[in-house]
Amino acid sequence: MKAILGKKVGMTQIFAEGGEVVPVTVIEAGPSVVTQVKTVENDGYDAVQIGYEDTKEHRVTKPLKGHFNKSGVALKKYVTEFRLDEDEKFELGQEITVADFEEGKKLDITGISKGRGTQGNIKRHGHHRGPMSHGSKHKRLAGALAGATYPSRVFKGNKGPGRTGRDTVTVQNVVLVKVDVDRNLLLVKGAVPGRKGGLVKVQYAVKGQDDK
């Protein structure tokens, strides 16, 4: 299990050995620190909790501050955990950096998609427009939802206007093109979810790894 937290810097392009242009997303990853190791005996499952980016004391709750003090690590702004296999071992305070990742491997990257605010049913769900001719009063409306006399009510789950974006999205099997150890950068092929500066979780792909 290789996993790390980082921030999306943005997109650029690099040239491969054959000369072709490869679009890449730049991720400033880590270093992350192990803040807790969970075991089946104590917690019911095997996992490792990691923290990322130092923060100030007044921005951390008292319970979380005590958690960090018990682990012996600095206060962190972001904390998350990843499941472990039985043969994988981590220690409290262990540092995880981009040097632990190998170029050419595939990654699963999770981020929060860009928020789009409140949108209508056409943009949100891809519904068709109504007649656009002169006199039509049904251009971008949702249309009839209640089904006339029977059942004369709107069923739960109908697609309509509402909040769009800011969802947790995971892209799988993203190729790791380049690792820049000196600047803590991962360059991955293609786009990843989220805005610039958004937090992303990076780990080795669960499915589709070539060496499996």
Side-chain angles (χ1 to χ4, degrees), residues 1-14 23-38 45 47-69 71-84 88 90 92-103 105-117 163-207:
M1 196 282 305
K2 295 288 192 301
I4 197 170
L5 292 176
K7 288 186 176 181
K8 178 180 176 179
V9 178
M11 290 197 70
T12 184
Q13 59 186 24
I14 61 175
V24 295
T25 299
V26 181
I27 299 174
E28 183 181 358
S32 298
V33 179
V34 176
T35 57
Q36 184 180 3
V37 178
K38 296 188 175 184
Y45 63 99
V48 59
Q49 183 189 89
I50 63 176
Y52 170 64
E53 191 175 332
D54 293 344
T55 189
K56 297 180 181 179
E57 184 174 349
H58 71 276
R59 295 185 177 274
V60 179
T61 62
K62 286 186 178 180
L64 199 55
K65 179 184 175 183
H67 178 66
F68 288 133
N69 291 338
S71 303
V73 301
L75 304 179
K76 298 297 179 181
K77 184 176 181 180
Y78 303 106
V79 177
T80 189
E81 69 175 45
F82 297 88
R83 286 296 188 102
L84 293 177
E88 293 170 331
F90 285 86
L92 281 178
Q94 179 179 339
E95 193 174 74
I96 304 172
T97 67
V98 296
D100 298 320
F101 290 80
E102 182 181 343
E103 293 181 1
K105 291 287 189 177
K106 293 181 180 179
L107 307 174
D108 291 342
I109 302 177
T110 302
I112 305 296
S113 63
K114 292 181 180 180
R116 304 295 181 184
R163 181 192 61 81
T164 308
R166 283 201 61 82
D167 296 316
T168 301
V169 180
T170 300
V171 290
Q172 297 180 329
N173 298 331
V174 180
V175 178
L176 177 56
V177 178
K178 186 176 179 61
V179 178
D180 189 336
V181 178
D182 296 332
R183 295 188 290 177
N184 293 323
L185 298 180
L186 297 176
L187 276 64
V188 299
K189 186 175 182 180
V192 302
R195 60 174 178 85
K196 292 181 181 179
L199 181 71
V200 292
K201 296 189 289 186
V202 182
Q203 68 181 72
Y204 270 3
V206 177
K207 303 177 289 186

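Along the sequence shown, the residues carry numbers beginning at 1.
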Asker: L199 and I112: side chain to side chain contact (heavy atoms under 4.5 Å, CB included), yes or no, with the steps?
Answerer: CA-CA 8 Å; L199 181 71; I112 305 296; over 6 Å; no

Asker: Could you go through K7 and Y78, starting from their C-alpha distance and side-chain angles, then the distance that decides it, and tell me whether this counts as side chain to side chain contact (heavy atoms under 4.5 Å, CB included)?
Answerer: CA-CA 11 Å; K7 288 186 176 181; Y78 303 106; 4.1 Å; yes

Asker: What distance separates L5 CG from I50 CD1, expressed to the nearest 0.5 Å?
Answerer: 4.0 Å

Asker: Output the distance between atom CG (L185) and atom NZ (K178), rounded to the nearest 0.5 Å.
Answerer: 10.0 Å

Asker: With rounding to the nearest 0.5 Å, note down the distance linking CG in L186 to CD1 in I4.
Answerer: 6.5 Å

Asker: Assess whether side chain to side chain contact (heavy atoms under 4.5 Å, CB included) is satisfied between V34 and I96, documenting all intermediate values.
Answerer: CA-CA 8 Å; V34 176; I96 304 172; 4.2 Å; yes

Asker: Any sub-3.5 Å donor-acceptor pair from Q203's side-chain atoms to D108's backbone N or O?
Answerer: no

Asker: Quick one: do D54 and K77 make a salt bridge, cutoff under 4.0 Å?
Answerer: no

Asker: Between T97 and P31 (side chain of the first, backbone of the second, donor and acceptor by atom type, cut-off under 3.5 Å), is there such a pair?
Answerer: no

Asker: Would a distance-only check, ignoring hydrogens and angles, find a side-chain to backbone donor-acceptor pair under 3.5 Å from T55 to K76?
Answerer: no

Asker: Among I109, V9, L187, exactly one meets side-chain contact (heavy atoms from CB on, under 4.5 Å) together with I27. Which residue is that?
Answerer: I109

Asker: For the pair T35 (side chain) and Q49 (backbone), establish whether a donor and an acceptor sit closer than 3.5 Å, ignoring hydrogens and angles.
Answerer: yes

Asker: Begin from the C-alpha positions of F68 and V79 and carry the test side chain to side chain contact (heavy atoms under 4.5 Å, CB included) through to its verdict.
Answerer: CA-CA 10 Å; F68 288 133; V79 177; 3.5 Å; yes

Asker: Roughly how far, to the nearest 0.5 Å, is OG1 of T61 from CG of L75?
Answerer: 10.0 Å

Asker: Measure the CG-CD distance between L92 and Q36 for me, rounded to the nearest 0.5 Å.
Answerer: 8.0 Å

Asker: Does K2 offer a backbone N or O that forms a donor-acceptor pair with the side chain of D100 under 3.5 Å?
Answerer: no

Asker: What class does the angle between the rings of Y204 and F101 fall in, given that below 30° is parallel, 30 to 60° is tilted and above 60° is perpendicular?
Answerer: perpendicular

Asker: Determine yes or no for a side-chain-to-main-chain donor-acceptor pair under 3.5 angstrom, with T25 supplying the side chain and G190 the backbone.
Answerer: yes

